[in-house]
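Following: one structure in structure tokens, then a few remarks.
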Amino acid sequence: MPTYLTRSFYRRDVVKVARELLGHLLVHVNGRQRVSGLIVETEAYLGIPDKAAHTCNGRRTARNESMWRDGGHTYVYFTYGMHHCVNVVAGVEDEPVAVLLRALEPVDGMQAMYRRRPAAKCDTDLCSGPAKLAKALQIDRQLDRIDLVKSKRVFIERIRATPLQSQQVATGPRIGIAHAAEWTHKPLRFWLKNSTYISHK
DNA sequence: CCCGTGATTTAT
DNA sequence: TAAATCACGGGG
């Protein structure tokens with residue numbers, strides 16, 4: 001029987017959550033179709049002080065409302081007129097911090113993933129980017145604000161009982177936030193060092 | 001390198 | 001109301 005990550009896992013410091021999500025399994029069950037992938041790359045967004053975060057300066061809008069919810073909810077946003085990106089909200093209610101999921105190692109439903117992502121040439125192309133994984137797992141704004149702790153459709157399965165060794169995790173600056181002044185270079189991106197499924201090969 | 005694409009945000 | 005922006009991806 002699979003175990004889900006619990007509320008207390010998500011209700012912690014967002015940097016810890018970003019690191020410790022690595023190696024767990026993001027699952028979307030849609031009817032009979034189960035699609036999933038191991039989380040191999042994440043980024044932490046630290047909320048009000050973070051110039052790269054959607055909730056910078058306490059911005060609270062219809063789009064980012066779910067970032068203000070309790071840890072363990074999804075925050076799915078739409079951008080560039082065509083892409084969705086999936087975040088896991090961390091911390092507690094009214095603490096608008098989240099973890100962007102940047103890459104997965106496909107596990108279940110790879111045939112469906114190839115169908116949804118005709119541009120993918122091989123398994124390592126399927127989910128190697130935040131919008132790619134959203135497309136492969138068919139996650140869009142309809143799955144915004146989902147409670148990952150309670151949902152039967154979208155959840156994260158605990159794969160390991162104990163945290164990863166720190167030597168298995170690499171750290172670097174976040175991608176695509178050149179405008180964020182002193183926040184641009186902070187090491188808030190995390191990935192599994194030995195993974196070939198990350199977004200920037 | 002450049003460009004699609006349109007919701008969302010920010011400036012007037 | 002108008003203009004700018006955008007936590008990206010695909011094709012040269």
Side-chain angles (χ1 to χ4, degrees), chain A residues 10 13-19 21-22 26 37 39-69 71 73-91 95-106 112-146 148 154 170-191 196-201:
Chain A
Y10 298 112
D13 171 64
V14 63
V15 172
K16 246 192 175 66
V17 174
R19 293 182 64 98
L21 278 172
L22 295 174
L26 175 68
I39 298 168
V40 298
E41 181 182 348
T42 62
E43 283 176 356
Y45 285 86
L46 307 205
I48 293 167
D50 183 352
K51 291 199 170 80
H54 289 171
T55 50
C56 171
N57 291 326
R59 246 166 56 206
R60 184 168 188 160
T61 64
R63 175 169 82 151
N64 70 22
E65 181 58 31
S66 41
M67 272 188 79
W68 294 82
R69 300 193 70 121
H73 290 257
T74 60
Y75 167 45
V76 180
Y77 69 88
F78 182 69
T79 189
Y80 288 102
M82 59 185 100
H83 301 302
H84 292 274
C85 296
V86 184
N87 293 257
V88 173
V89 177
E95 183 192 358
V97 297
V99 176
L100 174 67
L101 303 182
R102 285 201 59 92
L104 306 179
E105 174 179 336
M113 294 191 196
Y114 275 109
R115 224 182 302 125
R116 296 164 186 167
R117 299 215 54 249
K121 301 258 187 303
C122 56
D123 298 357
T124 53
D125 290 343
L126 241 22
C127 299
S128 54
K132 294 181 189 178
L133 74 87
K135 183 61 90 179
L137 269 69
Q138 204 170 47
I139 295 176
D140 60 21
R141 273 231 111 198
Q142 296 200 111
L143 297 177
D144 178 48
R145 275 220 212 195
I146 296 283
L148 292 162
V154 188
T171 304
R174 295 173 292 181
I175 306 292
I177 54 153
H179 56 84
E182 76 273 18
W183 287 82
T184 299
H185 303 289
K186 291 188 193 278
L188 294 173
R189 175 178 172 236
F190 305 95
W191 65 95
T196 55
Y197 293 87
I198 63 173
S199 66
H200 282 232
K201 3 156 218 246

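Within every chain, numbering begins at 1; the chains are lettered A, B, ... in the order of the sequence lines, protein sequences first and strands thereafter. Predicted, not measured: the structure shown is a model, and the values here were computed from it.
We find the OG1-CG distance between A:Thr42 and A:Leu21 to be 6.5 Å, quoted to the nearest 0.5 Å.
Within the 4.0 angstrom heavy-atom criterion, base atoms lie near A:Leu100. Backbone-only engagement by A:Arg117 is indicated by non-hydrogen atom pairs under 4.0 Å involving sugar-phosphate atoms exclusively.
At a non-hydrogen distance threshold of 4.0 Å, A:Ala119, A:Gly129, A:Pro130, A:Ala131, A:Lys132 from residues 119-137 of chain A come into contact with DNA chain C. Taking a 4.0 Å limit (strictly below) on heavy-atom distances, residues 45-55 of chain A reaches DNA chain C at A:Tyr45, A:Ala52, A:His54. Within residues 58-68 of chain A, the residues that place at least one heavy atom under 4.0 Å from DNA chain C are, in residue-number order, A:Met67.
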key: Working for side-chain contact (heavy atoms from CB on, under 4.5 Å), residues A:Leu126 and A:Tyr114   = CA-CA 7 Å; A:Leu126 241 22; A:Tyr114 275 109; 3.7 Å; yes
- Task: Please report the C-alpha distance between A:Val89 and A:Tyr10 in whole Å, then the side-chain angles of each, then the deciding distance to 0.1 Å, and finally whether the side-chain contact (heavy atoms from CB on, under 4.5 Å) criterion is met.
- Result: CA-CA 7 Å; A:Val89 177; A:Tyr10 298 112; over 6 Å; no
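With a 4.5 Å cut-off on side-chain heavy atoms, A:Tyr45 and A:Val97 do not count as touching. Taking the side chain as every heavy atom from C-beta outward, A:Asp123 and A:Tyr197 approach each other to under 4.5 Å. At least one side-chain heavy atom of A:Ile39 sits under 4.5 Å from a side-chain heavy atom of A:Leu104.
Using a 30° and 60° split on the angle between ring planes, A:His84 and A:Phe78 fall in the tilted class, from 30° to 60°.
Within 6.0 Å of atom CG in A:Asn57, 12 or fewer heavy atoms from other residues, nucleotides or ligands are found, so the atom counts as exposed in its surroundings. Environment of CD in A:Gln142: sparse, with no more than 12 heavy atoms of neighbouring residues, nucleotides or ligands closer than 6.0 Å.
Between A:Leu137 and A:Met113, the shortest heavy-atom distance links the atoms CD1-CE, 4.0 Å. The two residues A:Ala44 and A:Ala18 come nearest to each other via the heavy atoms CB-CB, 3.9 Å.
Helical stems in DNA chain B, defined as runs of 3 or more consecutive Watson-Crick or G-U wobble pairs with both donor-acceptor distances under 3.5 Å, are listed by first residue as B:1-4 with C:8-11, B:6-11 with C:1-6.
The separation of C:dG12 from B:dG6, taken at their C1' atoms, amounts to 24 Å, rounded to a whole angstrom. Using C1' as the reference atom, C:dG9 and B:dT9 are 23 Å apart when rounded to the nearest Å.
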Throw together a table of side-chain donor-acceptor distances under 3.5 angstrom for residues 176-183 of chain A, partners on residues two or more places apart or in other chains.
{"residue": "A:Glu182", "atom": "OE1", "partner": "A:Lys51", "partner atom": "NZ", "Å": "3.2"}
{"residue": "A:Glu182", "atom": "OE2", "partner": "A:Lys51", "partner atom": "NZ", "Å": "2.9"}
{"residue": "A:Trp183", "atom": "NE1", "partner": "A:Pro49", "partner atom": "O", "Å": "3.2"}

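Taking a heavy-atom distance under 4.0 Å as the criterion, the stretch of DNA chain C touched by chain A extends 5' to 3' from C:dC6 to C:dG10.
Paired with A:Glu43 under the rule salt bridge (Lys or Arg N to Asp or Glu O under 4.0 Å), one option of A:Lys186, A:Arg102, A:Arg19 passes, and it is A:Arg102.
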